[in-house]
Amino acid sequence: GSLLTSTDMSTEPTTVPQAGTANFVAGEESEQEREQENEREKEQENEQETEQETEQETAMENYSDNDLNLNLNPDKDSEKESLTEPKEETDKDTGLEEESDKQNDTNSDTETGVKTQKGSSLGAGEEHNAKSGAEVKSEANKEPTNSHKEPTNSNKESTMPQEGIRKTRRFGRSYAMLRENRWVLSKRRTLKQFICCKPPGDEDDDDEAVDNNADNLSYVGKAAYDALRIKHSWHHHALWNVTSGRVVGELHQTPTNGWNLIDDPVEGHSNWFPEKMGEIVSRTEFWCDVLSLTPPLGVFMEEMRKAVAIVVERSKSRMHPVIIRMMFANIVGTPVNCGKIVKKLTKDLPEDGNVHLWVGAWRQGVSWNHAKIIAVDGKYLHTGGHNMWEKDYLTNNPVYDLSFEMEGKVAHDAHLFANAQWAFVRQKKRTISGYVEDKIPDALPSFLPHRTTISNFPSKKAPTFPTQYSRRLVPKHTPLQGRVPVITMGRYGNLVFRKRASDDAFNALIGSAKKTINFAIQDLGPICIPQTKLTVPGYKWPTKYMNAIARALWTKAVNVNILLSNPHSIPGGLTALEANYGNGWTCVDVAAEIIKRIKKQFKKVDDADLRNIVSNNLKVSFIRNRAGNRWDDGGSLGMHAKHFIIDDICCYIGSQNLYECDLAEWGIVIDDQAQTQKNNG
């Protein structure tokens, strides 16, 4: 019979002879030779399949971690790809590359953040087809030497080279196997994490991260970068990043001109501040993220409502909805009534707007959001220590605080930081406990180990959960003049088991100091019961930070200046339970703890040398203005800033306190001497 039979066509296509080779005639080769040939082909095919399976398994080991990344960073893979691209010429002013903006917009999955691998075998088969198409056609048109005609079959695989057919089929099987292996490896890793009590996103980092922008950092910035890339490569581009931005204007300090005050500030002294925050939100054309400890109060709420109204009005002409996500904290005993906040923000808004707005809040144990961020369209950013509280900042006895505004690609990192918190809310809401939570009114406390709440607007149009931010969802922006190198860094609290990226970066920054360390912070001592020195159970002095300060002081004679809030400062006529700035520790307490850290780390410490170092190089004091450290009514000056400067080269501004409190935090290290000295004023 014919070499090509109906059985052959339905199983494995027969090899088409190549040009220059003799045609096989049916019955010309013996049965034994055909069997040997088939066995050799099967062995070769098995070897090739085994090799490709090994490659796919290796790929799975490399990418399986991303399957478990709970939407933390849709852009992470595209960022990693950019590292292999050649660097372009750097900017004359800052040495920052422009290519990273282009590389950051590579393909990414906004919902899963998992990069799909495509096998190269299909491309190889296609290339083979292109090369041998003429040969295939000529051979296929030949009549068989046997009088029995070839059966008709519409399957065009018969005219395709066998190698190409095998590779095409093998790609299909390998891709299916890849999907199956992803699921298997994901479940296996999840089981391992469950047994080891290690949640997703908390894996040991096998590889060190590499960021091309780090070439332009100072020795202080590189110290922080090294700590982050070695210990926290898993969270690169999600929790920390080396990038750039331009500081806009002066730092935002309240009360206005507070350090030069002789009398109490006048009414309306800092109303410009909530107006500025609202103005930044009102710029939104595509995407806005707002994160704070609690929803805005008083004037802050009114300015946020005005800003949302402006965005809604502008959105009417847009094809796609504008996204606004607001994330707050479900502090123990005081959960956020998200539905009520949505109603306040959207009061009297027209229904024909094209804005989707979500308000969410979360708590995991005693951990919640503490970051203070406004990020707009991947371009505009406001961050620092300010909460959106009217009585604390805008009335009598205001608390001192510090934030600032930036422009540039640094804003992308703030959006990406918010992704993880929204992913956590979504994950918990889809569990049994989330179902139970939904039956509890938002305003009622819960004794569950976690609490997530969410509300959306408009409820009939917006999905239950917002999508995840990705760089490709906002337009590319022209690089700005006057931008400076910055490192964005944060921590997720106990959303992960043990990884605290910014904690390690802080230690590295302090340890890199050669000359001076200047702190302007709320406190260093642990949280106490108000009006006492009784520490809250589970809290203690921040040992790692104190050790780093002690080492810098003793081994390098670094000048350490620590400026603290006056203990138990209460602004705006509030009570000690409503606001309490300064945990109650004195300057002597802080200095004594640093001395203890020196003696504990260095066994042979001469008392005379220690006394000399402490007297000449350590200064701890409470804040004061020109009138002293008290207001006219006797209330003390409180401070809520989280700010420190290393060697007048590098400075941090953000939401993270140095005393122990395991919350979700975010801030920025500005690694530019001129900008740092300008901030230091």
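Along the sequence shown, residues are numbered consecutively beginning with 1. Please read these numbers as outputs of a predicted model, since none were measured by experiment.
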* In sequence, state the C-alpha distance, the side-chain angles, and the governing distance for Val342 and Asn456, and then conclude on side-chain contact (heavy atoms from CB on, under 4.5 Å). => CA-CA 7 Å; Val342 167; Asn456 59 348; over 6 Å; no
* To do: List the steps, then state whether side chain to side chain donor-acceptor pair (under 3.5 Å) holds for Trp240 with Ser502.
  => CA-CA 8 Å; Trp240 68 272; Ser502 53; over 6 Å; no
* Asked: Can you check side chain to side chain donor-acceptor pair (under 3.5 Å) on Gln421 and Asn369, steps first, answer last?
  -> CA-CA 8 Å; Gln421 300 187 34; Asn369 176 67; 3.1 Å; yes
* Go through the steps to decide whether Asp671 and Ser218 satisfy the test side chain to side chain donor-acceptor pair (under 3.5 Å), and finish with yes or no. => CA-CA 7 Å; Asp671 191 17; Ser218 68; 2.5 Å; yes
* Would Asn387 and Asp392 count as a side chain to side chain donor-acceptor pair (under 3.5 Å) if you check the C-alpha gap in whole Å, the side-chain angles of each, and the deciding distance to 0.1 Å? -> CA-CA 9 Å; Asn387 292 300; Asp392 296 66; over 6 Å; no
* Asked: Please walk me through it: do Met489 and Leu228 pass side-chain contact (heavy atoms from CB on, under 4.5 Å)?
  -> CA-CA 9 Å; Met489 60 181 65; Leu228 293 168; 4.3 Å; yes
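At least one donor-acceptor pair closer than 3.5 Å links the side chain of Ser565 to the backbone N or O of Tyr581. Remark: side-chain polar atoms of Gln601 are paired, donor with acceptor, to backbone N or O of Asn547 under 3.5 angstrom. Put simply, the side chain of Asn583 never gets that close to the backbone of Cys528: no donor and acceptor are under 3.5 Å apart. In this structure a side-chain-to-backbone donor-acceptor pair under 3.5 Å is missing from Ser282 to Ala307. Looking at Asn494, its side chain does come within 3.5 Å of a backbone N or O of Gln364 through a donor-acceptor pair. Asn657 contributes no side-chain N or O that, together with a main-chain N or O of Tyr659, makes up a donor-acceptor pair within less than 3.5 Å. Although no hydrogens or angles enter the test, the distance criterion places a donor-acceptor pair under 3.5 Å between the side chain of Arg483 and the main chain of Leu480.
In this structure, Trp541 has its ring center under 6.0 Å from that of Trp585. His640 has its ring centre no less than 6.0 Å from the ring centre of His386.
Between Arg491 and Glu665, no side-chain nitrogen of the basic residue sits less than 4.0 Å from a carboxylate oxygen of the acidic one, so the salt-bridge criterion is not met. Salt bridge status for Asp662 with Arg500: present, with a side-chain N to carboxylate O gap under 4.0 Å. The pair Glu250-Lys276 does not meet the salt-bridge criterion, since no charged nitrogen lies less than 4.0 angstrom from a carboxylate oxygen.
Scanning all heavy atoms of the two residues, the minimum distance from Cys651 to Ile645 falls at CB-CG1, 3.8 Å.
The aromatic rings of Tyr469 and Trp287 sit perpendicular, their planes meeting at an angle over 60°, well past the 30° parallel limit. Ring geometry, Trp631 versus Tyr400: the interplanar angle falls under 30°, so the pair is classed parallel (tilted spans 30 to 60°). Ring-plane geometry between Phe273 and Tyr393 is classed as tilted, the angle between the planes lying from 30 to 60 degrees on a 0 to 90 degree scale.
Between the side chains of Ser655 and Trp666, not a single donor N or O lies within less than 3.5 Å of an accepting N or O. A side-chain donor-acceptor contact under 3.5 Å links Asn612 and Asn616. Side-chain contact of Thr575 with Glu578: a donor-acceptor pair under 3.5 Å is present, judged by distance alone. Side-chain contact annotation: His232 with Asp504, donor-acceptor N/O pair under 3.5 Å present. Between the side chains of Gln675 and Asn679, at least one donor-acceptor pair of N or O atoms lies under 3.5 Å. In this model, a donor atom of one side chain and an acceptor atom of the other lie less than 3.5 Å apart for Thr488 and Asp413. For the residue pair Thr586/Asp589, the side-chain donor-acceptor check at 3.5 Å is satisfied. Between Asn559 and Thr516, the side chains place no donor N or O within less than 3.5 Å of an acceptor N or O (distance only, hydrogens not considered).
Contact of the Ile549 side chain with the Ile510 side chain is registered, since non-hydrogen atoms from C-beta on lie closer than 4.5 Å. Between Leu357 and Val308 there is a side-chain heavy-atom pair separated by less than 4.5 Å. Taking the side chain as every heavy atom from C-beta outward, Met304 and Val281 approach each other to under 4.5 Å. Looking at Pro274 and Phe300, their side chains come closer than 4.5 Å, going by heavy atoms from C-beta outward. Side-chain contact check for Asn561 versus Leu563: every heavy-atom pair is 4.5 Å or farther apart. Side-chain contact between Ile521 and His643: absent, with no pair of heavy atoms (C-beta onward) separated by less than 4.5 Å. Side-chain contact check for His568 versus Ser636: every heavy-atom pair is 4.5 Å or farther apart. Counting heavy atoms from C-beta on, the side chains of Leu509 and Val220 come closer than 4.5 Å.
Qualifying salt bridge (charged side-chain N to carboxylate O under 4.0 Å, His left out) partners for Glu285, counting only residues two or more places apart in sequence or in other chains: none. Qualifying salt bridge (charged side-chain N to carboxylate O under 4.0 Å, His left out) partners for Asp289, counting only residues two or more places apart in sequence or in other chains: Arg325. Under the ring pair (Phe, Tyr, Trp, His ring centres under 6.0 Å) criterion, Phe644 pairs with Phe506, Phe519, Tyr652, not counting sequence neighbours. Taking Thr535 as the reference, nothing meets the side chain to side chain donor-acceptor pair (under 3.5 Å) condition, with sequence neighbours excluded.
Sorted by first then second residue, the salt bridge (Lys or Arg N to Asp or Glu O under 4.0 Å) pairs that include residues 541-554, not counting sequence neighbours, number zero. Within the structure, salt bridge (Lys or Arg N to Asp or Glu O under 4.0 Å) pairs that include any residue of residues 515-525 do not occur (at least two apart or interchain).
Under the ring pair (Phe, Tyr, Trp, His ring centres under 6.0 Å) test applied with Trp362, the options Phe328, Tyr492, Phe424 reduce to a single match, Phe424.
Within 6.0 Å of NZ in Lys344 there are 12 or fewer heavy atoms belonging to other residues, nucleotides or ligands. Enclosure of atom NZ in Lys533 by more than 12 non-hydrogen atoms of other residues, nucleotides or ligands within 6.0 angstrom is indicated.
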